[in-house]
Protein chains: 2
Amino acid sequence: MNLSATPEEIERKLIKSLREKGYKLTSQRLEIIGLLARDMTHPGATDLFRRVRKRVPRISMSTVYYTLDMLKKEGLLRELEFYDRDNRYDVTVADHINLICRKCGKIADLPGELPFSTEAVLKKTGFQPVAMRYEYYGYCKECRRKRAR
Amino acid sequence: MNLSATPEEIERKLIKSLREKGYKLTSQRLEIIGLLARDMTHPGATDLFRRVRKRVPRISMSTVYYTLDMLKKEGLLRELEFYDRDNRYDVTVADHINLICRKCGKIADLPGELPFSTEAVLKKTGFQPVAMRYEYYGYCKECRRKRAR
DNA sequence: TACTAATTAGGAATCATTCCTATTATGAAC
DNA sequence: GTTCATAATAGGAATGATTCCTAATTAGTA
């Protein structure tokens with residue numbers, strides 16, 4: 001999934017993948033997928049839970065986590081892990097740089113090249129990378145405008 | 001603190017800073033600082049607790065966390081935050097890239113330039129970075145040798 | 001329409017970290 | 001060396017996102 005796909009394209013791709021892999025398309029799953037595809041700010045499990053509950057009132061946190069786990073396992077979702085805030089979920093699974101706002105908590109993607117190839121790191125250090133994480137913490141355009149920073 | 005300082009230099013710097021700032025140099029603090037200065041693999045709080053306890057048997061986890069907090073507050077320690085493992089602590093406070101081994105859990109520093117300046121990010125996106133986090137997850141030289149990868 | 005294995009709901013358990021409070025001990029003053 | 005104020009410590013309870021467990025439900029198939 002590239003960084004410029006539309007929400008509809010992302011949603012269709014996810015549903016198609018699950019159908020092909022034989023997963024049941026429950027209302028809970030369709031709602032979660034819909035939110036993940038539309039929300040570019042990388043929501044967390046509790047946030048998803050609250051929003052899905054408006055349309056599927058009896059959904060439980062277990063189901064949210066179970067669904068997120070399943071999507072992760074199938075390589076359709078990337079989990080951004082933190083310790084001082086809840087984990088966030090990103091339908092853009094390709095490696096990229098995240099911009100994390102300390103004020104509003106929203107997470108945006110930074111388009112463009114990645115700095116170091118895994119080959120370069122391996123050659124230089126003997127360390128074999130299999131995944132990476134690039135993040136900038138700071139203040140997004142919107143929050144900076146509001147506070148007249 | 002640059003990446004090539006010796007353990008002794010690091011330890012001396014930390015003790016000097018605390019003394020200047022008026023902190024009490026308790027045996028607990030000196031032990032924790034000694035370990036942090038010598039252990040280049042970025043230990044966590046529980047690990048530090050277990051090791052310090054051998055020399056200061058009545059130390060508690062509260063004290064370990066309190067000391068780490070204090071060092072962080074004074075800008076002498078960088079906290080690496082994870083959700084699926086305990087936090088790690090790094091006396092190298094300058095921005096740099098970390099190499100995190102999925103087998104043994106050790107964390108090493110990657111020397112060299114950082115890829116993007118904060119100015120470049122601000123100019124490109126309007127997002128103002130104040131901190132960054134660069135990590136590669138994979139397998140270190142030692143673990144790869146052991147498993148004949 | 002019935003079946004069954006996958007999915008879900010609900011709640012208990014986990015565990016690193018934070019919080020709270022009484023006790024202790026460092027470093028300064030004398 | 002003694003005293004003292006207060007920072008620091010020990011111990012344990014509280015927190016909260018996530019994981020685990022199990023019985024009930026349901027999507028998709030035949």
Side-chain angles (χ1 to χ4, degrees), chain A residues 14-33 42-74 76-89 105 107, chain B residues 14-33 35 42-74 76-89 100 105 107:
Chain A
L14 291 173
I15 293 173
K16 181 157 170 280
S17 297
L18 294 191
R19 198 186 308 266
E20 283 169 2
K21 291 166 193 286
Y23 286 101
K24 293 179 183 173
L25 297 174
T26 64
S27 59
Q28 291 92 331
R29 283 179 179 171
L30 292 173
E31 290 294 337
I32 291 170
I33 287 171
H42 308 44
T46 304
D47 188 25
L48 287 169
F49 172 67
R50 270 198 296 268
R51 289 152 73 190
V52 174
R53 194 160 50 168
K54 289 177 187 164
R55 317 195 70 192
V56 189
R58 285 180 54 76
I59 194 171
S60 72
M61 278 300 290
S62 305
T63 301
V64 175
Y65 277 112
Y66 188 85
T67 300
L68 294 171
D69 252 26
M70 178 267 291
L71 291 170
K72 267 192 300 180
K73 210 176 300 168
E74 296 301 339
L76 300 169
L77 191 67
R78 171 185 276 247
E79 185 174 47
L80 296 168
E81 306 163 344
F82 305 93
Y83 102 107
D84 62 347
R85 65 190 82 196
D86 53 348
N87 292 347
R88 303 309 188 79
Y89 299 90
I107 301 176
Chain B
L14 291 174
I15 292 173
K16 182 159 168 280
S17 296
L18 293 191
R19 197 185 308 265
E20 284 170 359
K21 293 166 193 284
Y23 285 102
K24 294 179 182 172
L25 296 175
T26 65
S27 60
Q28 291 93 331
R29 283 180 178 170
L30 292 173
E31 290 294 338
I32 290 170
I33 287 171
L35 285 176
H42 308 44
T46 305
D47 188 26
L48 287 169
F49 172 67
R50 270 198 296 267
R51 289 153 73 191
V52 174
R53 195 160 49 168
K54 288 177 186 162
R55 319 195 69 193
V56 188
R58 285 180 53 77
I59 194 172
S60 72
M61 277 300 288
S62 306
T63 301
V64 176
Y65 278 111
Y66 189 85
T67 300
L68 294 171
D69 253 25
M70 178 269 291
L71 291 170
K72 266 191 300 178
K73 211 176 299 169
E74 296 302 339
L76 300 169
L77 191 67
R78 171 185 276 245
E79 184 174 49
L80 296 168
E81 307 164 344
F82 305 94
Y83 100 108
D84 61 347
R85 66 191 79 198
D86 53 348
N87 292 347
R88 304 309 188 77
Y89 298 89
I100 302 167
I107 301 177

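Just so we're on the same page: letters track the sequence lines, and every chain starts at 1. No experiment lies behind these values; they were computed from the predicted model shown.
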Of all of residues 56-65 of chain B, which get a heavy atom below 4.0 angstrom from DNA chain D, listed by number?
-> B/Arg58, B/Ile59, B/Ser60, B/Ser62, B/Thr63

Taking only N and O in the side chain of A/Tyr66, is any of them less than 4.0 Å away from OP1 or OP2 of C/dT8?
-> no

Polar pairs (N or O, both sides) under 3.5 Å between protein and nucleotides 27-30 of chain D?
unit_1: D/dA27; atom_1: N3; unit_2: A/Lys24; atom_2: NZ; d: 3.2
unit_1: D/dG28; atom_1: OP1; unit_2: A/Leu25; atom_2: N; d: 3.0

Could you tell me the separation between the NZ atom of A/Lys73 and the P atom of D/dT19, rounded to a whole number of Å?
-> 11 Å

Partner set under side chain to side chain donor-acceptor pair (under 3.5 Å) for A/Arg51, not counting sequence neighbours = A/Asp39, A/Asp47

Is A/Leu14 close to A/Leu77 at the side-chain level, that is, under 4.5 Å between some pair of heavy atoms?
-> no

Whole angstrom value for the distance that separates C1' of D/dT6 from CE of B/Met70 = 16 Å

Can you check the A/Leu80 CG to D/dA17 C1' distance for me, whole Å?
-> 16 Å

Would you work out how much the helix from C/dT1-D/dA30 to C/dC30-D/dG1 bends between its ends, with each end axis defined by five base pairs, to 10 degrees?
-> 30°

Anything under 3.5 Å between a donor and an acceptor, one on a side chain of residues 54-61 of chain B, the other on a protein residue two or more places apart or in another chain? List them.
unit_1: B/Arg55; atom_1: NH1; unit_2: B/Glu31; atom_2: OE1; d: 3.4
unit_1: B/Ser60; atom_1: OG; unit_2: B/Ser62; atom_2: N; d: 3.4
unit_1: B/Ser60; atom_1: OG; unit_2: B/Thr63; atom_2: N; d: 3.4
unit_1: B/Ser60; atom_1: OG; unit_2: B/Thr63; atom_2: OG1; d: 3.4

For residues B/Leu68 and B/Leu48, determine if any side-chain heavy atom of one lies less than 4.5 Å from a side-chain heavy atom of the other.
-> yes

Does the side chain of B/Arg19 reach to within under 4.5 Å of the side chain of B/Leu25, using non-hydrogen atoms?
-> yes

Short N/O separations, protein against nucleotides 21-23 of chain C, under 3.5 angstrom:
none

Do A/Leu80 and A/Ile107 touch side chain to side chain, with heavy atoms closer than 4.5 Å?
-> yes

Examine C/dT17: is either OP1 or OP2 under 4.0 Å from a nitrogen or oxygen in the side chain of B/Asn87? Give yes or no.
-> yes

Do any side-chain nitrogens or oxygens of A/Gln28 fall under 4.0 Å of OP1 or OP2 in C/dA9?
-> yes

Atom CG of B/Leu18 and atom C1' of C/dT26: how far apart are they, to the nearest Å?
-> 14 Å

Is a donor on one side and an acceptor on the other found under 3.5 Å between the side chain of B/Arg88 and the backbone of B/His42?
-> yes

Side-chain N or O of B/Arg29 less than 4.0 angstrom from OP1 or OP2 on D/dT9?
-> yes

Can you tell me the distance, in whole Å, between the CG atom of B/Leu68 and the C1' atom of C/dA16?
-> 13 Å

Which residue pairs satisfy the salt bridge (charged side-chain N to carboxylate O under 4.0 Å, His left out) criterion with at least one member in residues 21-30 of chain A, sequence neighbours excluded?
-> A/Lys21-A/Glu74

Hey, are the side chains of B/Glu79 and B/Tyr89 touching, using non-hydrogen atoms and a 4.5 Å cut-off?
-> yes

Partners meeting side chain to side chain donor-acceptor pair (under 3.5 Å) with A/Arg53 (sequence neighbours left out) = none

Starting at atom CG of B/Asp69, determine the distance to atom C1' of C/dC20, rounded to an integer number of angstrom.
-> 15 Å

Send over the distance from B/Phe49 CZ to D/dT9 C1', rounded to a whole Å.
-> 12 Å

Starting from the C-alpha separation in whole Å, work towards a yes-or-no answer on side-chain contact (heavy atoms from CB on, under 4.5 Å) for B/Ile33 and B/Leu76.
-> CA-CA 10 Å; B/Ile33 287 171; B/Leu76 300 169; over 6 Å; no

Can you list the residues that meet the salt bridge (charged side-chain N to carboxylate O under 4.0 Å, His left out) rule with A/Lys73, with sequence neighbours excluded?
-> none

Anything under 3.5 Å between a protein N or O and an N or O of nucleotides 14-16 of chain D, put it in a table, one pair a line.
none

Show me the protein contacts with nucleotides 23-25 of chain D, counting only N or O atoms at under 3.5 Å.
none

